[in-house]
Protein chains: 2
Amino acid sequence: MASRVNDQSRASSNGLKGKVLTLDTMNPCVRRVEYAVRGPIVQRALELEQELRQGVKKPFTEVIRANIGDAQAMGQRPITFFRQVLALCVYPRLLNSPDFPEDVKRRAERILQACGGQSLGAYTISSGIQLIREDVAQYIERRDGGIPADPNNVFLSTGASDAIVTMLKLLVAGEGRARTGVLIPIPQYPLYSAALAELDAVQVDYYLDEERAWALDIAELQRALRQARDRCCPRVLCVINPGNPTGQVQTRECIEAVIRFAFEEGLFLMADEVYQDNVYAEGSQFHSFKKVLMEMGPPYASQQELASFHSVSKGYMGECGFRGGYVEVVNMDAEVQKQMGKLMSVRLCPPVPGQALLDLVVSPPSPSEPSFRQFQAERQEVLAELAAKAKLTEQIFNEAPGIRCNPVQGAMYSFPRVQLPPRAVQRAQELGLAPDMFFCLCLLEETGICVVPGSGFGQQEGTYHFRMTILPPMEKLRLLLEKLRHFHAKFTNEYS
Amino acid sequence: MASRVNDQSRASSNGLKGKVLTLDTMNPCVRRVEYAVRGPIVQRALELEQELRQGVKKPFTEVIRANIGDAQAMGQRPITFFRQVLALCVYPRLLNSPDFPEDVKRRAERILQACGGQSLGAYTISSGIQLIREDVAQYIERRDGGIPADPNNVFLSTGASDAIVTMLKLLVAGEGRARTGVLIPIPQYPLYSAALAELDAVQVDYYLDEERAWALDIAELQRALRQARDRCCPRVLCVINPGNPTGQVQTRECIEAVIRFAFEEGLFLMADEVYQDNVYAEGSQFHSFKKVLMEMGPPYASQQELASFHSVSKGYMGECGFRGGYVEVVNMDAEVQKQMGKLMSVRLCPPVPGQALLDLVVSPPSPSEPSFRQFQAERQEVLAELAAKAKLTEQIFNEAPGIRCNPVQGAMYSFPRVQLPPRAVQRAQELGLAPDMFFCLCLLEETGICVVPGSGFGQQEGTYHFRMTILPPMEKLRLLLEKLRHFHAKFTNEYS
Ligand SMILES: Cc1ncc(COP(=O)(O)O)c(C=O)c1O
Ligand SMILES: Cc1ncc(COP(=O)(O)O)c(C=O)c1O
């Protein structure tokens with residue numbers, strides 16, 4: 001039998017074989033992947049928590065995870081109506097219980113009837129339960145002032161993450177300079193850079209304009225595209241609106257301009273709209289790319305390809321753990337759409353509890369239903385508190401010398417810019433760390449506050465930021481902001 | 001501004017632009033993906049169901065989906081204990097209800113305490129809730145007679161599918177003849193071929209021996225490996241035990257031989273053991289690769305790399321919709337294991353209801369707990385019925401002239417070989433169909449029975465098979481088997 005080419009190298013002198021799978025032999029694309037939201041800083045936060053539990057003395061009593069948009073982990077309560085319906089779906093014997101409102105029961109029955117064997121435990125078709133796709137399409141129509149949505153263009157997914165990666169996967173092709181280029185905003189949500197690294201596509205950065213509240217500037221898109229054409233074939237433009245980590249909400253004019261640009265330049269548009277319910281600033285309003293596209297009329301409405309993503313993880317519900325989401329595709333080639341369905345079928349189906357939850361999110365109780373009042377009150381409470389926290393964050397940061405924070409118009413994050421003294425930058429370089437990573441690590445060690453350095457999202461060379469969620473409860477958030485401000489002053493002092 | 005290289009081709013004479021994303025420009029690897037379990041035959045089944053609903057007359061009144069291992073879709077009831085605990089996790093106010101046993105409440109509280117914000121709605125760490133990883137490790141230890149399992153080697157996943165694809169993704173590298181080759185059984189579960197196509201890895205087929213009840217033969221592994229070395233770098237060996245679609249259960253001797261082979265040849269072992277609870281035949285027993293590996297002692301136990309997969313979708317629970325699963329890695333390079341964690345973190349976390357369900361599956365009620373009796377009875381009922389159905393299937397098929405069926409020792413499928421008359425083969429070729437696809441389509445049109453042609457799983461050239469689940473309820477299954485036998489006789493007659 002032929003011996004392996006690398007048998008020799010594998011068998012070392014002591015008779016031991018080396019590993020088959022090592023850093024050197026593993027998939028090099030996977031090796032290049034980075035994902036800051038769960039990076040080294042979070043690793044360290046986990047260790048600190050463990051040390052605290054073991055009684056190690058620290059200058060703080062708890063680690064506050066302001067690193068990830070995870071509302072319920074920060075104490076936000078689930079929406080009662082959603083969980084009641086889900087409980088009945090999970091354990092249908094509760095349908096006979098007198099403790100649940102009639103509309104809750106009707107909803108659970110409706111969902112179960114659409115499931116194989118009337119159970120959440122059956123696989124669904126790969127694109128998701130047809131009834132739920134229809135409900136999603138109706139939601140989109142309502143949201144977009146009556147512009148039609150076709151359930152067959154809706155694919156349910158395992159969180160928005162899954163749908164975004166699947167869409168990118170379809171779009172990646174070519175070798176060398178013909179490789180697909182994907183324009184993404186900087187700063188970005190690092191799922192994009194990670195997925196592009198994994199898929200070996202070319203990441204093309206366009207910078208949001210921090211001076212103009214993270215506006216998306218067409219001239220900058222043009223610059224990015226022009227420079228990218230030497231090294232790849234740019235075919236996709238990603239927009240995150242409302243923005244993560246930047247918190248801006250795009251104006252309608254901006255969206256129109258982006259669509260025109262994408263059309264002229266032959267780019268497939270991906271609109272990440274998972275924060276569509278998270279708009280706080282006065283004068284800001286969410287405009288879906290789909291709606292704007294359709295209202296622009298032909299040739300845009302009839303030709304521009306678009307994929308829009310949504311999720312149950314954000315908004316007022318924050319049901320991250322259920323991994324529900326969807327993508328709506330518009331003007332997609334019919335054959336490609338079939339291919340997309342096929343690709344999704346390999347992993348069988350999105351989690352059914354997440355599908356059920358999505359159904360409730362897109363069709364909440366109507367005013368005539370018994371659950372409406374409480375639902376509405378819970379929803380409003382969350383959104384009003386988020387709006388207040390957005391304002392508070394901006395305000396406290398902007399009172400601090402050396403910190404500057406754009407308005408948090410939407411989403412769940414602030415992304416303040418911090419001045420770091422040259423000696424801190426130097427110290428970071430000595431340690432082999434990005435300066436804002438150094439800042440964030442020091443912050444964590446001294447205060448227990450866990451935020452993510454701007455370098456994990458991308459930023460203009462020579463500027464430093466961090467991303468902090470606005471999700472901790474109001475009083476905790478206030479304390480946290482004050483601590484952060486203090487720490488920054490002290491840090492600045494120490495390294496000046 | 002520089003115009004796009006392909007602007008010209010995109011703007012056609014009528015002023016319309018072509019699509020950015022077409023069959024020609026899309027990811028060619030995705031285009032090559034095939035997934036028979038959800039392929040054209042299932043598409044047709046869906047259409048037929050719709051026609052039936054619309055009142056179109058058919059020679060049958062319902063479509064019976066024996067194409068997919070989806071127990072609850074076929075009427076199997078969920079295990080009460082699992083669903084009770086989950087309902088409480090979903091809607092914790094039920095913890096105060098008198099209608100749930102104490103152990104159910106304790107379990108729900110235990111899981112919730114391990115969740116961020118004590119809610120299923122929070123993201124978990126990417127490898128899954130630590131408590132659940134520990135419970136999985138304990139399960140593995142019990143299963144393997146006390147051989148230790150390290151929770152840090154356990155990664156929870158979105159069904160086993162997700163973990164299998166992730167593992168393959170890590171293992172794929174190289175270009176041209178240095179490209180990673182992956183040995184998979186033929187017939188196989190088509191997730192493997194689909195994932196390899198998507199990842200652009202080289203599929204290396206080894207054939208199971210139908211004459212010896214689908215045994216895995218080392219000489220055949222050697223043949224496959226030898227021939228593959230000309231075109232790729234074989235680095236991975238996948239085994240499915242108990243087998244899908246083939247239903248065999250590997251002997252301990254066979255597993256030892258496979259491990260020795262993998263070790264000698266420098267192959268990473270992937271053991272798909274999602275049917276580990278589905279063993280029916282007398283004299284058959286499930287042996288985990290991990291246990292056998294460890295009992296073989298060094299150098300195997302200390303060096304051979306192994307990943308073993310499990311799922312909540314199969315066994316006696318059949319909770320496919322929850323998408324729970326895990327992989328345990330053994331002897332994996334520590335740095336690679338970190339990379340695996342990083343890769344998983346990009347998609348944030350597996351669905352938390354699925355994680356919770358997995359926790360219950362790996363730590364069912366103990367004999368002293370109030371839920372034990374009912375749990376045990378429900379579990380036994382399902383497994384006993386599956387065993388009876390396995391036997392019935394084998395028996396009825398083997399009474400039919402022209403059909404030959406190996407014993408269904410385990411898993412949930414029979415994979416009988418059917419003789420197809422030459423004129424049927426010819427007719428299929430005229431229609432551009434695989435002969436067994438033609439047979440299955442005719443079967444579906446005439447009887448409403450939906451099974452998957454053997455060509456979707458792979459088979460020896462010139463042989464024809466189909467895969468049928470043994471999941472329909474006993475009396476329906478009997479009817480179905482009789483119908484199938486009749487249809488085959490009629491079909492043979494018609495084309496002779
Ligand atoms: C902009 C953006 N897109 C997508 C996602 C993915 O969310 P999920 O997969 O939980 O739906 C997130 C999560 O933080 C996000 O911020
Ligand atoms: C052999 C085998 N492996 C893996 C899977 C994937 O199952 P899941 O992703 O539902 O855990 C299946 C499903 O049928 C299977 O048969």
Side-chain angles (χ1 to χ4, degrees), chain A residues 1-2 4 10 17 19-23 25-27 30 33 35 38 70 72-73 75 78 83-84 86-87 90-91 116-117 119-123 126 158 161 169-173 191 194 222 226 229 235 266 268 303 305 319-321 323 333 335-336 339 343 345-348 351-354, chain B residues 1-2 4 10 17 19-23 25-27 30 33 35 38 70 72-73 75 78 83-84 86-87 90-91 116-117 119-123 126 158 161 169-173 191 194 222 226 229 235 266 268 303 305 319-321 323 333 335-336 339 343 345-348 351-354:
Chain A
M1 156 159 231
R4 276 194 75 190
R10 207 177 171 244
K17 290 194 175 190
K19 304 271 182 203
V20 177
L21 183 59
T22 65
L23 282 186
T25 64
M26 71 176 280
N27 186 333
V30 170
V33 165
Y35 188 69
R38 301 257 178 154
D70 190 356
Q72 296 193 23
R83 293 304 193 91
Q84 285 180 326
L86 278 183
V90 164
Y91 188 55
S119 172
L120 296 189
Y123 291 123
S126 307
T158 306
S161 304
K169 196 180 286 168
L170 280 169
L171 281 157
V172 169
L191 167 66
Q222 280 165 341
R226 196 171 48 236
R229 286 208 168 114
R235 300 207 295 156
F268 190 105
Q303 291 183 56
E305 294 149 86
E319 293 280 17
C320 308
R323 316 304 298 121
D333 178 86
E335 288 303 318
V336 173
Q339 295 282 328
L343 180 61
S345 76
V346 174
R347 283 162 197 243
L348 298 167
V352 187
Chain B
M1 149 160 236
R4 278 193 75 188
R10 201 172 177 245
K17 290 192 175 191
K19 304 271 183 203
V20 176
L21 184 58
T22 64
L23 281 186
T25 65
M26 72 175 281
N27 186 334
V30 171
V33 165
Y35 189 69
R38 300 256 178 155
D70 190 355
Q72 297 194 22
R83 293 306 192 91
Q84 285 180 326
L86 277 183
V90 164
Y91 188 55
S119 172
L120 296 190
Y123 292 123
S126 306
T158 306
S161 305
K169 197 181 286 170
L170 280 169
L171 281 157
V172 169
L191 168 65
Q222 280 165 341
R226 195 171 48 237
R229 284 211 169 109
R235 301 208 295 154
F268 190 105
Q303 290 183 55
E305 294 150 86
E319 292 282 14
C320 308
R323 315 305 297 121
D333 178 86
E335 288 301 319
V336 173
Q339 294 282 329
L343 180 61
S345 77
V346 174
R347 282 162 197 240
L348 297 167
V352 187

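Just so we're on the same page: letters track the sequence lines, and every chain starts at 1.
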Exercise. Select, from B:Ala194, B:Ala87, B:Pro351, B:Ala173, the one with the greatest count of heavy-atom pairs under 4.5 Å involving chain A.
Key: B:Pro351
Practice problem: Tell me yes or no: between the side chains of A:Arg347 and B:Thr158, is some donor less than 3.5 Å from an acceptor? | Solution: no
Quiz item: Which value, rounded to the nearest 0.5 Å, describes the distance between B:Met26 atom CE and A:Arg235 atom CZ?
Solution: 10.0 Å
Practice problem: Determine yes or no for a side-chain-to-main-chain donor-acceptor pair under 3.5 angstrom, with B:Asp70 supplying the side chain and A:Tyr123 the backbone. | Solution: yes
Quiz item: If every non-hydrogen atom of B:Leu348 is compared with every non-hydrogen atom of A:Ser161, which pair is closest and at what distance?
Solution: CD1-OG, 3.8 Å
Quiz item: By a 4.5 Å heavy-atom criterion (distance strictly below it), what part of A:Pro78 contacts chain B: side chain, backbone, both, or neither?
Solution: side chain
Quiz item: Taking A:Gly117, A:Gly116, A:Ala122 one by one, which has the highest count of heavy-atom pairs under 4.5 Å against chain B?
Solution: A:Ala122
Quiz item: Sub-3.5 Å donor-acceptor pair from the side chain of A:Gln339 to the main-chain atoms of B:Leu23, do we have one?
Solution: no
Quiz prompt | Stepwise side-chain contact (heavy atoms from CB on, under 4.5 Å) check, A:Lys19 with B:Val336 | solution = CA-CA 10 Å; A:Lys19 304 271 182 203; B:Val336 173; over 6 Å; no
Quiz item: Nearest 0.5 Å, what's the SG-CG distance between B:Cys320 and A:Leu120?
Solution: 12.5 Å
Quiz prompt | Top contributor to chain B interface from A:Leu86, A:Asp333, A:Thr22, A:Leu191 [non-hydrogen pairs under 4.5 Å] | solution = A:Asp333
Exercise. Please name the pair of heavy atoms, one in A:Pro353 and one in B:Gly321, separated by the smallest distance, quoted to 0.1 Å.
Key: CD-O, 3.7 Å
Practice problem: Tell me, for A:Arg83 versus chain B, whether the close heavy atoms (under 4.5 Å) come from the side chain, the backbone, both or neither. | Solution: both
Quiz prompt | Euclidean distance, A:Asn27 CG relative to B:Leu343 CG, rounded to 0.5 Å | solution = 8.5 Å
